[in-house]
Q: 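After the C-alpha cells below, expect a handful of questions from me.
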Amino acid sequence: MADTSATSALFSASQLTLSFGNQVILDGATLAVNPGEKVGLVGRNGCGKSSFLKMVAREEVPDSGELAYRQKLVVGYLPQTFELDETADVLANVRAGAASIIALMDTYENDSSVSPEALDDLGHQIEQVDGWNLDARIDTVMRALGTPPAARSVAQLSGGEKRRVALARALVSSPDLLVLDEPTNHLDAESINWLETYLAASSSACLVVTHDRYFLDHIATRIVEISGGRCYSHDGNYSDYLVAKAARQEQAEAVEGKRQRFLKREIEWVRAGVKARGTKQRSRIDNFYAVKNIAAPEKELDMNLIIPPAPQLGNVVVDLEEVTGSIAGKPLFYGLDLTFEAGQCTGVLGRNGMGKTTLLRTIMGDHKPDAGSVTIGKRTEFNYVDQSRVQLDPEKSVIDEVAGKQEYVQFGAERLSVRSYLKRFLFTDDRINDRIEHLSGGEKNRVLLAKILRRGGNFLVLDEPTNDLDLQTLRVLEEAVVNFTGSTVVVSHDRYFLDRVCDRIVSFEGDGRVFVQEGNYSYYIQKRAERNRAVSAAAAKPSSKKSTPPAAKAERVRKLTYKETTELAGMEEIILAAEAEADALEAQLSDQQFIIENAARLSALGDDLEQKRTAIQALYERWEMLEAVRVAAEGK
C-alpha cells in the first residue's frame, strides 16, 4: 500500500477487485477522498459497500488493485461487526479510540529523556489533534450518544449499547478520516441530530454507509454509488444523487434501446439468409456479435408486496383508555388514550429507555398496565417484529431458513412457491440456495424479514425494522407498509421512513409525558416547535387578567393565614429569581456554540425550560389569588 503524501487526497483506491467464490463483488473500483469531504457510499445490497470500507480501514485486503494513504493518516473506523474489550468498562473502551493521542500526551508529560526540540514537536502534534481537550471531548461525545455510564462493564451491555460505545470510540480521536458503517443504527433521533451537526462541523473527512436518507442529505458533499463492482461519483447530497442517477439511468436506457433496435434489424438481415462472402457482409456480422455481447445496463429489481394481505379487522382493533404503564417500578407513561384503526400506521418516537417497547407489549396484551384498560378486538391478529428478531442458522440456505422443507408459503388467501416469495425480497435464483454465512449483513436482514412476515396477521408491530437494511430494501418495506390494509405500529428513528409511512406520531417526551399528533414525522416536528414557542410566549409575560376576588359573604370575609401572608411577602422575589433562571437557560438555547456542544440534551433542556415557564405562570396565578384575598379582606 503506497503513500499519497505527494497528492492532496487522504487516500485513494485504484482498480480494486474482490470476489467471494464465483461472485464478483468489486471489479475495478476506484475512489479518492480529499480532506474535509463527507462522502456517502450507497448501492444495492451485497454490492460490496462494507467490504470497501474494510479495505479503506486496512481490515481487509483486495484481490488486486492499489490503496494509497497520506503519510501519518489517522483513521477512525466503525464497522458493522465490531469488537470491544469485554473485560473493561465503558470509559476505557471509548478512550481506546484515542490511544495514539494518549500516548503522545503520556510521552510529553512523563518521558524525561525527550529533548526540548522533540518536546516542542510533541506539543504541536497534541495541539493539532486537540489532545488537551480530550477528556472534555470524550465526555461530550458519550453524553450526546447516550452511552451507558462510564464505569459500567461492557460485558453487561446490550448490542445497541455496545454500538454506541463503539461509535464514541471512533469519534474521540479527531481522526483525519472517519470510516463509518451504519453509524445511526440503535441511535435515537436526538443522538442522530447531534451526530449530523458534529460531522458537518468537523474538519475530519467522512466515508459513510448508512440507510438514513435524511442523514445523507444533511452531511454528504458527495455520493458514491457502487454498481457492477465500480464506483460512480455524484456531487452533492443524497437528493442530488437521486436526480443524477435518474438522468444516468434514462441515458443508459436510451443507449440500450438503440442497441436493441440495431440488433433487431441485424437479426432480420441474418435471417434473410444473406451469405457472408464479401468483406462488407463479414464485417457486418462481426459488428452484430460485438454489439450483441455488450452487457445491458443493470436494472434494479422491481418492488413487490412483501407483507401478506391482512385478514379483515373487526370494529374494535385495539383501544387503550387512560392507560398508565411502568417497568420495574419506573413510571413510563400516564393516562394514555389510543384507538387503532384499519389502514392506519402509527409511529412511536422517544429516547432509548423511555418505554416504547413497553407500550408495544401493552398494546399486544403482553404487559399488564398499572391503570386503565386495553381492549383487543376479537379479529385482531398480531405479527411482532422485535428488535432482537430471530437467529439465523449460518449453515442453512436462504430457502431452507425461510420455509424449511415446505415448497409453498401461505400468502393471505393464496399460496406462493417459496422461490416466488423470496423474489419479493429481492433474492434472485442464484442467491436463494446460498448459505446464510455467505450473505451480506443486509441480505441476512432480508431473510429475517421474510421469515417473520410470512406469519401474516392484520396488526403489524415493527420495533426498529429499519436497522441494518439497505436503501433498496427500505423502499420495498415502505411500499409494503403504505399498502398494508391492516393496522401498523412502528418504532423507528429513521425520520425518512416515518415521514413516508406514518399517519400519526406517538412521542415519548420525558417525565411520563406522551404526545399524540396526527400526521407524519415532519408535521409532528413542526407542531412540536409551535407548541414550545406558544408555551414560551405565554409564560414570558404575566397574565393581564386579575383574578376576581371571591364573593364575600356579609357575615364572613376570607382572610390570609399567617403562612399565606408570609408566602405573599416573599412571592415577588421568588418570581424574579425564577424568571432570571429561565431567561438564562433561554439565552443558552439561543447560543449556536452551546447548541452544538449540547445537541444531545437540547430536547431535555427544552422540556426543562417549558417546565420553568409553566412554574412561573403558576407562581403569578398564586400571587394574584393571594393578593386578591388580601385586598378583599382589607376592603380595598
Side-chain angles (χ1 to χ4, degrees), residues 1-77 79-80 175-181 205-210 220-236 241 244-245 247-249 251-252 255-256 290-291 293-300 430-431 438-443 470-472:
M1 295 185 185
D3 171 33
T4 68
S5 56
T7 69
S8 61
L10 295 176
F11 85 91
S12 63
S14 178
Q15 297 297 317
L16 301 187
T17 66
L18 180 69
S19 298
F20 295 132
N22 295 324
Q23 186 182 11
V24 177
I25 304 299
L26 299 178
D27 185 17
T30 298
L31 174 66
V33 174
N34 296 312
E37 272 198 301
K38 319 296 182 188
V39 179
L41 194 62
V42 302
R44 67 170 51 184
N45 201 274
C47 72
K49 300 186 295 295
S50 293
S51 295
F52 191 91
L53 294 191
K54 288 178 183 177
M55 293 177 192
V56 174
R58 301 182 176 97
E59 297 286 327
E60 193 169 300
V61 178
D63 295 337
S64 65
E66 184 180 19
L67 281 159
Y69 299 85
R70 195 179 72 179
Q71 193 175 12
K72 295 182 179 179
L73 180 73
V74 178
V75 178
Y77 178 43
Q80 275 198 44
D176 304 305
L177 174 67
L178 273 166
V179 179
L180 305 174
D181 199 347
C206 275
L207 181 61
V208 57
V209 170
T210 179
T221 58
R222 181 157 60 110
I223 299 293
V224 174
E225 179 186 12
I226 296 182
S227 179
R230 296 177 177 270
C231 295
Y232 298 89
S233 183
H234 305 268
D235 289 334
Y241 152 74
K245 181 182 179 181
R248 178 161 61 88
Q249 286 180 328
Q251 182 180 12
V255 171
E256 175 63 10
V291 173
N293 290 331
I294 295 174
E298 193 174 14
K299 289 187 176 181
E300 290 193 0
D430 61 329
R431 296 295 277 170
H438 295 148
L439 302 184
S440 69
E443 286 173 319
D470 59 57
L471 295 174
Q472 188 183 21

Q: Can you name the nearest heavy-atom pair linking Ala205 to Val33, along with the distance?
A: CB-CG1, 4.1 Å
Q: Taking all non-hydrogen atoms of both residues into account, name the closest pair between Arg431 and His438 and its distance.
A: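 Shortest heavy-atom separation between Arg431 and His438 comes out as NH2-O, 3.8 Å.
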Q: Please round to the nearest 0.5 Å and tell me the distance separating atom CG of Leu67 and atom CG of Leu31.
A: 10.0 Å
Q: Could you tell me which residues satisfy side-chain hydrogen bond (donor to acceptor under 3.5 Å, both in side chains) with Ser50, sequence neighbours excluded, listed by chain and number?
A: Gln80, Asp181
Q: Quick check: do Val75 and Phe11 have side-chain heavy atoms less than 4.5 Å from each other?
A: no
Q: Decide yes or no on side-chain contact (heavy atoms from CB on, under 4.5 Å) for Leu180 and Thr210, but give the supporting numbers first.
A: CA-CA 8 Å; Leu180 305 174; Thr210 179; over 6 Å; no
Q: Not counting sequence neighbours, which residues clear side-chain contact (heavy atoms from CB on, under 4.5 Å) with Glu59? List them please.
A: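 Checked Glu59 against side-chain contact (heavy atoms from CB on, under 4.5 Å); matches are Lys54, Ala57, Tyr77.
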Q: Identify, with sequence neighbours excluded, every residue that meets side-chain contact (heavy atoms from CB on, under 4.5 Å) alongside Ala29.
A: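 Leu16, Leu26, Phe52, Cys231.
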Q: Would you say the side chain of Leu207 lies within less than 4.5 Å of the side chain of Leu53, judging by non-hydrogen atoms?
A: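 A side-chain contact exists here, since the closest heavy-atom pair is under 4.5 Å.
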Q: State, yes or no, whether a side-chain contact exists between Leu177 and Val56 at a heavy-atom distance under 4.5 Å.
A: yes
Q: Identify the two heavy atoms, one from Ala220 and one from Gly40, that lie closest to each other, and give their separation to 0.1 Å.
A: CB-N, 4.5 Å
Q: Indicate yes or no: at least one non-hydrogen side-chain atom of Pro62 is less than 4.5 angstrom from one of Leu18.
A: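 Pro62 vs Leu18: side chains apart.
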Q: Using atom types as modelled and distance alone, determine if a side-chain donor or acceptor of Lys49 lies under 3.5 Å from a backbone N or O of Ile226.
A: no
Q: List for me each residue that meets side-chain hydrogen bond (donor to acceptor under 3.5 Å, both in side chains) alongside Ser14, sequence neighbours excluded, and say none if there are none.
A: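 Not a single residue meets the side-chain hydrogen bond (donor to acceptor under 3.5 Å, both in side chains) criterion with Ser14.
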Q: Starting at CZ of Arg222, measure out to NZ of Lys38 and round the result to the nearest 0.5 Å.
A: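 One gets 13.0 Å once the value is rounded to the nearest 0.5 Å.
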Q: Starting at OG of Ser233, measure out to CG of Leu41 and round the result to the nearest 0.5 Å.
A: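 Between atom OG of Ser233 and atom CG of Leu41 there are 10.5 Å.
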Q: Can you name the residues that form a side-chain contact (heavy atoms from CB on, under 4.5 Å) with Ser64, not counting sequence neighbours?
A: Thr17
Q: Flag the pair Tyr241 / Glu225 as yes when at least one side-chain heavy-atom distance between them is below 4.5 Å, and no otherwise.
A: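 They are in contact (side-chain heavy atoms under 4.5 Å apart), so the answer is yes.
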Q: For Asn34, give me all partners under side-chain contact (heavy atoms from CB on, under 4.5 Å), at least two apart in sequence or on another chain.
A: Ser8, Ala9, Glu37
